[in-house]
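Take a look at the structure below.
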Amino acid sequence: MLLLAFVSTGLFAQLPPTFSAVRPYQKDAQIRQFLAPVKILWKSESGVKNENKLLQIGNGQADLNSGGLCTLNSFEGKKPSILLDFGKELHGGLQLVTGMWAGKKPIKLRIRFGESASEAMSD
């Protein structure tokens, strides 16, 4: 797999003759995109504020000072939850930007993925 990475970057001079520039190769068609969710399918009754902020397209930078951030606050044993729909099946991961909380201790966060709402909401 490492050799494929070298071929796609065009570093032919350093590769054995088998992988020379005259030999045909195929580039990977995958691209990297950052998508915002298109809608909120469900949220818990309490603990979630400004959830519509998650539907806005970001600029790749953390913006923790402009206010109106989406917050999830746990209290009295109630855990806030939100189910986001990205509008299509995806292969990838999730990028979260958080601020510093008062306790400055790590928090636990559970993230589940699914191809459907019922799959994402199941245990």
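- Annotation: Ile111, atom CD1; neighbour count of heavy atoms from other residues, nucleotides and ligands within 6.0 Å is above 12.
- Environment of CD in Glu119: crowded, with over 12 heavy atoms of neighbouring residues, nucleotides or ligands closer than 6.0 Å.
- In this structure, Glu45 CD and Ser81 OG are separated by 11.0 Å, a value rounded to the nearest 0.5 Å.
- Closest of all the heavy-atom pairs between Ala36 and Leu54 is CB-O, 4.2 Å.
- Put simply, NZ on Lys78 and OG on Ser46 are 5.0 Å apart, with the number rounded to the nearest 0.5 Å.
- Atom SG of residue Cys70 and atom CD of residue Glu51 lie 6.5 Å apart, to the nearest 0.5 angstrom.
- Taking every heavy atom of both residues into account, Arg112 and Asp123 meet most closely at NH1-OD1, 3.1 Å.
- In terms of hydrophobic clustering, with Ile, Leu, Val, Met, Phe, Trp and Tyr side chains grouped at heavy-atom distances under 4.5 Å, Met121 and Leu41 are assigned to a common cluster.
- Between the Asp85 side chain and the Ile40 main chain, no donor and acceptor come within less than 3.5 Å of each other.
- Pairing each heavy atom of Val48 with each of Lys43, the nearest pair is O-NZ, 4.0 Å.
- Linking ILVMFWY side-chain heavy atoms closer than 4.5 Å, directly or via other members, places Leu84 and Leu35 in a single hydrophobic cluster.
- Side-chain contact between Leu94 and Phe113 is present, with heavy atoms from C-beta onward closer than 4.5 Å.
- Taken together through direct or relayed side-chain contacts under 4.5 Å among Ile, Leu, Val, Met, Phe, Trp and Tyr, Leu55 and Phe86 form part of one hydrophobic cluster.
- With rounding to the nearest 0.5 Å, the separation of NZ in Lys79 from NZ in Lys108 is 8.0 Å.
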